[in-house]
Amino acid sequence: MARRNEEVAWLLNDIAELLALQGESPFRIRAYTEAARTIAAMAEDIEELHRQGRLEEIPGVGESIARKIAEYLVSGRLRYYEDLQRQVVPGAAELLRVPGIGPARAHLLLTRLGITSVAELRRAAQEHRLRELPGFGPKLEERIAREAARVGERSRRLLLGVALPLAEEVVTRLRAHPAVVAADPAGSIRRMRETIGDIDILAASAHPEEVVSAFTSLPMVQEVLATGPTRPSILTRDRLQVDLRVVAPGEYGAALQYFTGSKEHVVALRGLANARDWKLSEYGLFDHAGRRIAGRTEADVYHALGMDWIPPELRESRGEIEAAQRHALPHLVETTDLRGDLHVHTDWSDGHDSLERMVDAAVARHYQYVAITDHSPSLGVARGLTVERVQAQRRLIDRLRERYAPFCILHGTEVNILPDGSLDYPDAVLAGFDIVTASIHSHLDLPHDRMTARLVRALHHPYVDVLGHPTGRLLLRRPAYELDIEAVLRAAAAAGVAVEVNGQPDRLDLSDVWCRRARELGVLLVCTSDAHSTRQLGYVRYAVATARRGWVEPDGVVNTRDREALLAHLRQRR
DNA sequence: GCCGTTTTCGGCCCGACTGTTTTCAGTCG
């Protein structure tokens with residue numbers, strides 16, 4: 001069965017919104033949103049936990065929420081939820097999507113003016129009926145009218161692979177400025193989330209006005225959206241907004257900690273500070289008398305709170321704080337741990353660059369090996385290699401090997417997994433490759449059970465070494481195929497097949513949460529670029545970032561092994 | 001509604017900003 005975590009999370013979030021509209025206690029509302037967030041992010045199957053009677057072990061889930069989840073999972077319905085829906089007019093929840101309207105104002109609009117939709121809200125604002133409400137006035141009314149008209153056109157997110165290079169270019173230029181003591185990307189970019197809302201950058205300086213002026217006159221600036229003493233904002237020529245904050249050097253660590261987030265992580269840390277009668281803010285960590293305990297560096301802040309510094313990729317409130325307190329954080333894999341790339345295309349199929357150029361670029365990255373893995377015949381659009389062309393490619397690679405030794409060129413393939421789970425080359429051909437990655441590129445719409453069976457069958461094929469981009473998702477464009485990822489990972493573990501963490505910015509597949517689960521199940525991962533040009537070899541950094549967000553250590557990644565260990569691993573599979 | 005170096009009740013992150021107010025409430029990040 002498909003995992004129902006997301007479904008349960010939606011239910012709990014809906015309940016939170018309905019409670020908000022009823023003017024319920026913010027803490028009660030937060031309890032539901034917290035539980036929803038945890039359930040959506042965790043790898044454990046919510047139904048499995050329910051069967052084992054362990055729902056209350058989920059952080060943030062107590063007796064009441066556990067009972068509601070159980071009722072919903074068993075019957076597909078929840079009386080409490082249906083009662084709430086009856087009490088709140090349908091559609092009213094959309095009021096909360098309007099910036100400037102939170103629970104309190106929505107409740108007021110609903111109960112005092114009977115407004116139940118954004119359209120009604122616009123009309124009421126235009127007719128100046130809002131300004132009569134307590135706490136409302138002409139300016140707020142005007143703002144709500146403006147925002148209500150724009151609802152729906154927002155929420156444009158960026159791929160990490162778009163946002164990060166821009167942020168790094170800005171940071172590099174800022175660091176070169178004499179008034180800048182430090183500068184870093186902050187927010188979800190620093191945490192390497194797969195998609196990014198805002199591009200936030202933090203800088204430390206004793207002369208903020210000079211930094212602001214340098215920032216607003218960067219070469220990529222198209223328009224200055226906001227200036228002011230410490231918080232300028234620009235629009236780049238690519239129409240991307242970048243926000244900068246400049247803080248005093250003594251506050252930089254606390255500010256970086258705060259602006260990196262995640263929100264939940266920061267809240268949890270502040271709670272710990274509270275427990276000691278201290279106070280943590282973006283200005284520093286202060287004791288009960290208001291004396292600064294820490295703030296210059298992030299490490300100071302974490303250490304003062306009795307824990308190890310936590311890598312930004314882990315700051316999602318998924319157990320990292322407890323691990324840091326126990327000094328038991330994972331030693332996360334790094335890009336420099338990689339000894340080679342195992343998924344690379346050339347102009348023999350749909351790559352842009354020649355095989356030789358791809359190998360040269362791999363050598364330039366100080367790798368010990370690279371696997372050339374072009375497509376198989378049934379992928380016509382990508383000029384998949386026929387058996388004859390595979391053999392011609394192998395002759396070329398055999399010739400190049402001497403020239404490049406001791407650098408190791410592996411002849412591999414990214415072979416299509418056909419709808420029935422068989423592969424797109426005969427076994428005799430597959431046997432001749434040094435490494436076989438099997439991926440799905442067609443018939444993406446199979447029903448859940450058939451898709452799962454298709455992948456499991458491919459995993460048990462004797463010549464498959466790696467399962468490529470296992471869920472097929474394309475970020476911001478297409479969700480994962482219908483499949484039971486847990487079952488696929490278990491099959492990969494049983495078959496000893498590694499699973500790819502594909503670094504293409506719109507894939508990042510396997511995702512962070514499933515990387516973590518994969519390692520728990522003993523599945524080996526491979527961090528690859530899936531490069532279609534020499535430049536794209538750099539995409540491995542996004543694969544590594546995704547693995548890091550999944551708590552993955554170097555020994556969980558096959559291509560951290562040196563040449564001899566990798567070859568031994570592959571030979572042993574044959 | 002959850003949770004416990006503040007333990008079974010009484011807390012639950014902090015500060016900026018805006019707009020409403022005349023000292024504060026709501027929203028946002």
Side-chain angles (χ1 to χ4, degrees), chain A residues 12-13 15-16 18-20 22-39 55-69 80-81 84 95-109 130-147 154 186-188 191 196-200 202 226 228-231 233 243 245 247 251 254-255 257-286 288 290 295 301 305-307 317 321-322 325:
Chain A
L12 296 177
N13 274 322
I15 291 175
L18 293 171
L19 290 173
Q22 293 206 313
E24 258 291 352
S25 144
F27 301 113
R28 195 168 173 209
I29 293 162
R30 203 174 75 187
Y32 280 93
T33 55
E34 277 290 297
R37 192 189 64 81
T38 305
I39 289 166
L55 285 178
E56 287 192 46
E57 290 178 23
I58 303 169
V61 175
E63 195 192 331
S64 167
I65 292 184
R67 201 170 52 238
K68 292 183 176 85
I69 294 173
Y80 174 76
Y81 178 57
L84 267 179
L95 295 180
L96 296 169
R97 311 267 179 289
V98 181
I101 296 189
R105 286 172 187 159
H107 179 61
L108 211 55
L109 292 165
L130 300 188
R131 59 180 67 179
E132 310 305 328
L133 293 171
F136 283 65
K139 283 202 172 164
L140 188 56
E141 187 179 68
E142 203 178 308
R143 175 175 179 216
I144 288 174
R146 204 169 53 238
E147 296 286 7
R154 240 180 319 273
S188 47
R191 304 202 310 282
I196 305 298
D198 301 305
I199 302 178
D200 294 317
L202 190 69
T230 60
R231 292 175 53 189
S233 188
D243 301 331
R245 279 180 192 254
V247 304
E251 297 167 348
Q257 200 289 315
Y258 170 71
F259 288 111
T260 296
S262 68
K263 190 177 176 210
E264 292 79 8
H265 177 88
V266 171
V267 167
L269 275 194
R270 289 181 172 183
L272 287 176
N274 249 5
R276 302 183 181 204
D277 204 17
W278 294 349
K279 193 178 56 143
L280 177 62
S281 76
E282 56 266 50
Y283 300 108
L285 179 63
F286 301 93
H288 65 282
V301 173
L305 288 169
M307 68 186 81
S317 201
I321 290 175
E322 295 74 8
Q325 288 171 323

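In what follows, chains carry the letters A, B, and so on, assigned in the order in which the sequence lines appear, proteins first and then strands, with residues in each chain numbered from 1.
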Please measure how far the [atom1] atom in [N] lies from the corresponding atom in [M], and state the result in whole Å.
N	M	atom1	answer
B:dG10	B:dG15	C1'	24 Å
B:dG4	B:dC13	P	14 Å
B:dA16	B:dT21	P	24 Å
B:dC14	B:dC9	P	25 Å
B:dT27	B:dT20	C1'	13 Å
B:dC28	B:dT23	P	26 Å
B:dC12	B:dT6	C1'	11 Å

Distance in angstrom units between [X] [atom1] and [N] [atom2], rounded:
X	N	atom1	atom2	answer
A:Arg276	B:dC12	CZ	P	17 Å
A:Gln257	B:dC14	CD	P	13 Å
A:Glu264	B:dC13	CD	P	12 Å
A:Glu24	B:dC2	CD	P	13 Å
A:Arg131	B:dT21	CZ	P	12 Å
A:Leu12	B:dC2	CG	C1'	13 Å
A:Glu57	B:dC2	CD	P	15 Å
A:Glu142	B:dT18	CD	C1'	13 Å

Using a 3.5 Å cut-off and no angle test, enumerate the donor-acceptor pairs between side-chain atoms of residues 135-143 of chain A and protein atoms at least two apart in sequence or in another chain.
residue, atom, partner, partner atom, Å
A:Glu141, OE1, A:His128, ND1, 2.8
A:Glu141, OE1, A:Arg131, NE, 2.9
A:Glu141, OE1, A:Arg131, NH2, 2.9
A:Glu141, OE2, A:Arg129, N, 3.4
A:Glu141, OE2, A:Leu130, N, 3.0
A:Glu141, OE2, A:Arg131, N, 3.1

>> When you measure from the side-chain N and O atoms of A:Tyr283 to the phosphate of B:dA16, is any distance below 4.0 Å, counting only OP1 and OP2?
In response: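 Yes, within the criterion.
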Find out whether [X] and [Y] are in side-chain contact, i.e. whether some heavy atom of one side chain is under 4.5 Å from a heavy atom of the other.
X	Y	value
A:Ile321	A:His265	yes
A:Thr38	A:Val61	no
A:Asp200	A:Phe259	no
A:Ile65	A:Ile58	no
A:Gln22	A:Leu84	yes

> Partner of B:dT8 by Watson-Crick or G-U wobble geometry, both contacts under 3.5 Å, or none?
Replying inline: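 Paired with B:dT8, as far as the under-3.5 Å criterion goes, is no nucleotide at all.
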> Closest to the A:Asn274 side chain: B:dC14, B:dT6, B:dG1?
Replying inline: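 In terms of side-chain proximity for A:Asn274, the closest of B:dC14, B:dT6, B:dG1 is B:dC14.
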> Between B:dT20, B:dG1, B:dC13, which nucleotide has the shortest distance from any of its atoms to the side chain of A:Lys139?
Replying inline: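 For the A:Lys139 side chain, the nearest candidate turns out to be B:dT20.
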For [X], answer base if it contacts any base atom (sugar-phosphate contacts may also be present), sugar-phosphate if it contacts only those atoms, and nothing otherwise; contact means non-hydrogen atoms under 4.0 Å.
X	result
A:Pro26	nothing
A:Leu280	sugar-phosphate
A:Arg231	sugar-phosphate

>> Heavy-atom nearest nucleotide on DNA chain B for A:Glu141 versus A:Glu63: which residue maps closer to 5'?
In response: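 The 5'-side residue here is A:Glu63.
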>> Filter on side chain to side chain donor-acceptor pair (under 3.5 Å), then keep only pairs touching residues 271-283 of chain A, sequence neighbours left out; what's left?
In response: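 Pairs touching residues 271-283 of chain A that pass the test: A:Arg270-A:Glu282.
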Atom pairs, N/O to N/O, protein against nucleotides 27-29 of chain B, distance under 3.5 Å?
residue, atom, partner, partner atom, Å
B:dT27, OP1, A:Gly102, N, 2.5
B:dT27, OP1, A:Gly102, O, 3.0
B:dT27, OP1, A:Arg105, N, 3.0
B:dT27, OP2, A:Ala104, N, 3.3
B:dT27, O5', A:Gly102, N, 3.4
B:dC28, OP1, A:Gly100, N, 2.7
B:dG29, N2, A:Tyr258, OH, 2.8
B:dG29, N3, A:Tyr258, OH, 3.1

>> Using a 6.0 Å cut-off, check whether atom CD of A:Glu63 has over 12 heavy atoms from anything other than its own residue.
In response: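 No, the 6.0 Å shell around CD holds no more than 12 heavy atoms from other groups.
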